[in-house]
There are 2 protein chains.
Amino acid sequence: MNLRELSAHLGLSQTTVSRALNGYGDVAPATRRKVVEAAERVGYRPNSGARRLATGRSQALGIAFPVDRNLLLDPHFIEFIAGVAAHAGEQGYDLTVSPTTGTEGEVYRRFARMRTADAVILSGPVLEDPRIALLRGLQLPFVVHGRTQTPLPYAFVDIDNHGAFRQACQLLLDLGHRRIGLINGDESQTFARDRRAGWSSALMAAGLVAATDGLARAGAMTEENGYRFARDLLETSPRPTGLICSSVLLAFGAYRAVRDLGLAVGRDVSVIGHDDELPFLRPHTLDPPLTVTRSPIRKAGERVADFAIRLATGTPIDRLAEIKPVDLVYRGSTAAPEVR
Amino acid sequence: MNLRELSAHLGLSQTTVSRALNGYGDVAPATRRKVVEAAERVGYRPNSGARRLATGRSQALGIAFPVDRNLLLDPHFIEFIAGVAAHAGEQGYDLTVSPTTGTEGEVYRRFARMRTADAVILSGPVLEDPRIALLRGLQLPFVVHGRTQTPLPYAFVDIDNHGAFRQACQLLLDLGHRRIGLINGDESQTFARDRRAGWSSALMAAGLVAATDGLARAGAMTEENGYRFARDLLETSPRPTGLICSSVLLAFGAYRAVRDLGLAVGRDVSVIGHDDELPFLRPHTLDPPLTVTRSPIRKAGERVADFAIRLATGTPIDRLAEIKPVDLVYRGSTAAPEVR
DNA sequence: GAGCGCTTCCAAAGCGCTTTGGGTTCAGGG
DNA sequence: CCCTGAACCCAAAGCGCTTTGGAAGCGCTC
């Protein structure tokens, strides 16, 4: 069933039916109701190719899917995509994921030229991200998950990484900790830098300037790295009594390291992790339950999709910037350090 | 730059340029070369909407993305998608993921009616899967990752789950184990049933008919469940000396359970896991390194995409069925049971 | 009752591609 | 020298939708 058939069936012109269905004016309420009902009844769905051709818009969001880079290793990214997909779907938008090896430029160029996506979503921004300039050049609307350095305004959704990690570190300081290690994600990415900055700013403010030296490790957020980094830090002397991890996966590894060294989480070493709410790794099921800074990455995905759609439909960029606050959830993995 | 401009630029008709670019006959080799070069040079990309409209095909593969069901919790699914995306991209196909809450019917109907995907990919089939009939009814080509029960032939890619788990169980039997537990994925899904059948057939063949009773657990393949199920099994008496897990994530949890009970993997309890080669959870990094049955789920994704594209371009279904063999990799987590 | 402004509808012109159904040219056979 | 067929190319007709530029009808006012 296509538009022509539907309008013939209704005894109306294609114009009117189209306008009725797309919510334009110039059509009497009664007519509109009739049209909408009929469309519903016969199960009319506009052909996406035709609409795409006629409007030049594709009703799709694009996202580059790096098949060999770190991002993919990363369940965080996936959970984020889930959020994007969920919201896009609700709004009748498709999500086109285009895999890419190496640089994403090729994909964006295709998106732009084939008009295959109305807006694209940028993940894992680094401090000076060449993709920004590329997308601007291509005139392809984009929204960034995270932030980056660029003179011009751009649409983004981020969480308060700095604040979260400052607060986490402050909590440990307040409990009496003095040597607090940081197990961070890849510090070429902005979120990780922000977190490090948050952590060190708390230490600085407490007058522990030297305390940042050698107490940070960074790398891909895997359990394995969590173990390695934690073990590495815990073997320095004097031993840190607190560890702040950029993900639950890292914290997971840190727990294992603590145990392996014959220590106990909570008693000997306080641990805080950042919880993106990955559904298959829940911090409260750890033993002891993990204290976390928490911000659901899926929700961020939804918000990003929302921004992307609005951007594609004309909302000005400067309205599309958001920094979400982060919760701090106190659980059993943090305590005052033992007196020695 | 569109076709018309390109052909004007070349002094040829749109027809010829189109035919040259799409590899049809009726165009002189020299002309073709010239056209292809020019297209390359000016960076011509056909407008996907227009092509879609003209051909009725979309050059896209579809996949329903369940945002609230178990699948999504599941890094296995994601790794699979990565494979699909990688191969699709290589072949110039897009991957449209359409999120769905609850049933996938709505999504497929949309795919079919809007011709938004030339073929769809079906994940996590259950024994009697209603989606099969639906897709057949919609005339939407599909390929299944896994298998299901249906009278008519269908395209699928599966691994030898039965053989793999029989072999894993046989290995433990050969080492002298007699009580061997199974920690399985959700047994409404076919792969999990097949694995259970493989496990029990090995036990049966060894004359241990009763040994299957109460020694199997099943549920979502999370670390948490791995822990719960393993702990549960290890607290039965007599204690099983071997555990076979349907995923490394489960095995991960099982390790934790073994340790928590003051036992040691390898010495007191032999563990085997199924390794889908999730890049962020590597079995050989466990301590002791995990013995696995191994089959990269990403490769399966690539193969499924390959099948889907071929299906969309006319390859008959009966050529598109494949059952991959599974490797068994022997590592330190398996040993002969202690004599008691 | 002519003129005007509204509302409601429509015919028709594209959007950029593929594909049908011929043309035209040229070589070679009768 | 004409005819035939092969090789190459082209004009034009859609594909199904949106959107422009009116037209028709209606109730007013002047």
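Proteins come first, then strands; the chains are lettered A, B, ... in the order of their sequence lines, and each starts at number 1.
- Nearest-nucleotide positions on DNA chain D for A/R57 and B/L53 put B/L53 closer to the 5' end.
- Atoms CZ (A/R45) and P (D/dC17) sit 13 Å apart, rounded to a whole Å.
- In this model, the phosphate group of C/dC15 is not approached by any side-chain N or O of B/N47 to a distance below 4.0 Å at OP1 or OP2.
- The distance between atom OH of B/Y44 and atom P of C/dG16, rounded to the nearest whole Å, is 10 Å.
- Residue A/N2 contributes atom CG, which lies 12 Å from atom P of D/dT18 at whole-angstrom precision.
- Proximity note for A/Q14 (side chain, C-beta onward) versus D/dC9, D/dG14, D/dT18: the nearest is D/dT18.
- Side-chain to base pairing of A/T15 with D/dT19: one donor and one acceptor N or O lie within less than 3.5 Å of each other.
- Contacts of A/R19 with the nucleic acid, taken as non-hydrogen atoms under 4.0 Å apart, include base atoms.
- Side-chain N/O atoms of A/R52 include none lying less than 4.0 angstrom from OP1 or OP2 on D/dC17.
- Here D/dC17 presents its P atom at 10 Å from CG of A/L21, a figure rounded to the nearest Å.
- Taking side-chain N and O atoms only, A/S18 has no distance below 4.0 Å to OP1 or OP2 of D/dC17.
- Atoms CZ (B/R115) and C1' (D/dC15) sit 13 Å apart, rounded to a whole Å.
- Nucleic acid contact class of B/D26 (heavy atoms, under 4.0 Å, all strands): base.
- At whole-Å resolution of the value, CG in B/L3 and P in C/dT18 are 6 Å apart.
- By the salt bridge (Lys or Arg N to Asp or Glu O under 4.0 Å) test, B/R45 is found to be paired with A/E106, residues two or more places apart in sequence or in another chain being considered.
- Projected onto DNA chain D by closest heavy-atom contact, B/V27 and A/M1 fall at different nucleotides, the more 5' of which corresponds to B/V27.
- Contact annotation: the side chain of A/N22 approaches that of A/R51 to within less than 4.5 Å [non-hydrogen atoms, C-beta and beyond].
- By the neighbour-count criterion of 12 heavy atoms within 6.0 Å, atom CZ of B/R110 is densely surrounded, having more than that number from other residues, nucleotides or ligands.
- Counting heavy-atom neighbours within 6.0 Å of A/K324 NZ, excluding the residue itself, gives a total above 12.
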Item checked: Stepwise side chain to side chain contact (heavy atoms under 4.5 Å, CB included) check, B/V144 with B/R131 -> CA-CA 10 Å; B/V144 181; B/R131 295 175 294 177; over 6 Å; no
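- Backbone-only engagement by A/T55 is indicated by non-hydrogen atom pairs under 4.0 Å involving sugar-phosphate atoms exclusively.
- Annotation: proximity of residues 4-13 of chain B to DNA chain D (heavy atom, distance under 4.0 Å) is found for B/G11, B/L12, B/S13, numbered in ascending order.
- Within the 4.0 Å cut-off from OP1 or OP2 of D/dC9, not a single side-chain nitrogen or oxygen of B/Y24 is found.
- Taken from CZ in A/R136 to CG in A/L138, the straight-line distance is 12.5 Å, to the nearest 0.5 Å.
- No side-chain heavy atom of B/V84 sits under 4.5 Å from any side-chain heavy atom of A/F65.
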